[in-house]
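Each ligand, and each atom within it, is numbered from 1 in the order the structure gives.
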Amino acid sequence: METRILDGKEIGRRIREEVGREIEEKKLSPGLTVVLVGDDPASKVYVKSKTKACQELGIRGERVLLDESISTAQLLQVINRLNLDDQVDGILVQLPLPRHIDKKLVLEAVDPSKDVDGFHPVNVGRLCTGDFTLAPCTPMGIMEMLRMEKIAVKGAHAVIVGRSDIVGKPMAMLLLHSHATITICHSRTRDLAQVCRRADILVAAVGRTALVGRDFIKEGATVIDVGMNRIEDREEAMQLFGEDSERFKRFQDKGYALVGDVHPREPLGRAGALTPVPGGVGPLTIAHLVKNTLLAHEARHC
Ligand code: GUN
């Protein structure tokens, strides 16, 4: 079986294009503010690409960069100021936060109507009931991709590996609302490969390099890889990519590679469709963030 590679960059571009068109046609002026505490290099890259994606579509994308040493109380003051600022439609506090910050207090301080991450308990609750506007960007982006690629969800058995608040749990809720049958697996699940092999749609979101191998995948299944793991070990890279591959050559040039939770080669010829890493789910997350910013703006102003 030929495995269809789902091009997240292209799908993300289409989602952003739709958002851009709506902003232009309706002459809207949404604004997103991303709050970054400290200088974690990966977070800096993410935050930059988030604000850049906004600016390209005529959304005001601003960054508030705060020192690592900021206290929870000071951060709460910043968030309160953004809550009160009518120019700000979306507030995103980049995670992870430094350990001394009370993450729960911070996420609960964001005005639910500006919570473009969908992390506030009010929005989590609304997602559970199905009556929601703002839901987490990665699972929403994945649902949009399934819709655009005409992958049937209704009646399908979806297995999600990972139970995070950011991906696993909201993904399960969204698939459930679209009438899939849901199984959520995690590190304590017995016979993980066997459970995964029952999936028509398999979502891997645990942060374990190449955990999902060929024996996890039913013939023809759609495999969605949310993992983004950095590998630096030469032996590991050679095993994963194959010694003569382009990817192994690139690994040798750069000294590292990004690999998902799904093995990069084993699903090929067995899965019906597969999201690559990189270039699969990542661009969908950013695309949905700009969409959530538009939705927040419209809900607040229109
Ligand atoms: N860090 C990694 N993923 C995310 C995300 O989706 N939102 C936020 N705020 N931080 C993250």
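- When each atom of ligand 1 is checked for a heavy atom of L92 under 4.0 Å away, the hits are 9 (N).
- For the atom pair CE (M148) and CD1 (I15), the distance works out to 4.5 Å, reported to the nearest 0.5 Å.
- Across every non-hydrogen atom of L36 and K44, the tightest pair is CD2-CG, 3.8 Å.
- Scanning all protein heavy atoms for the shortest distance to atom 11 (C) of ligand 1 gives Q94 NE2, 3.5 Å.
- Note that the CG atom of L107 and the CD1 atom of I91 stand 11.5 Å from one another [nearest 0.5 Å].
- Once rounded to the nearest 0.5 Å, the distance linking CZ of R126 with CG of D115 reads 10.0 Å.
- Among all protein heavy atoms, the one lying closest to atom 1 (N) of ligand 1 is L95 O, 3.0 Å.
- Ligand 1 has no atom lying under 4.0 Å from any heavy atom of T138.
- The presence of a protein heavy atom under 4.0 Å from atom 3 (N) of ligand 1 is ruled out.
- Summarising the contacts of atom 5 (C) of ligand 1 with L289, V116, D117, I286, the nearest heavy atom is found in D117.
- Note on D261 versus R208: no salt bridge recorded, every NZ/NE/NH1/NH2 to OD/OE distance being 4.0 Å or above.
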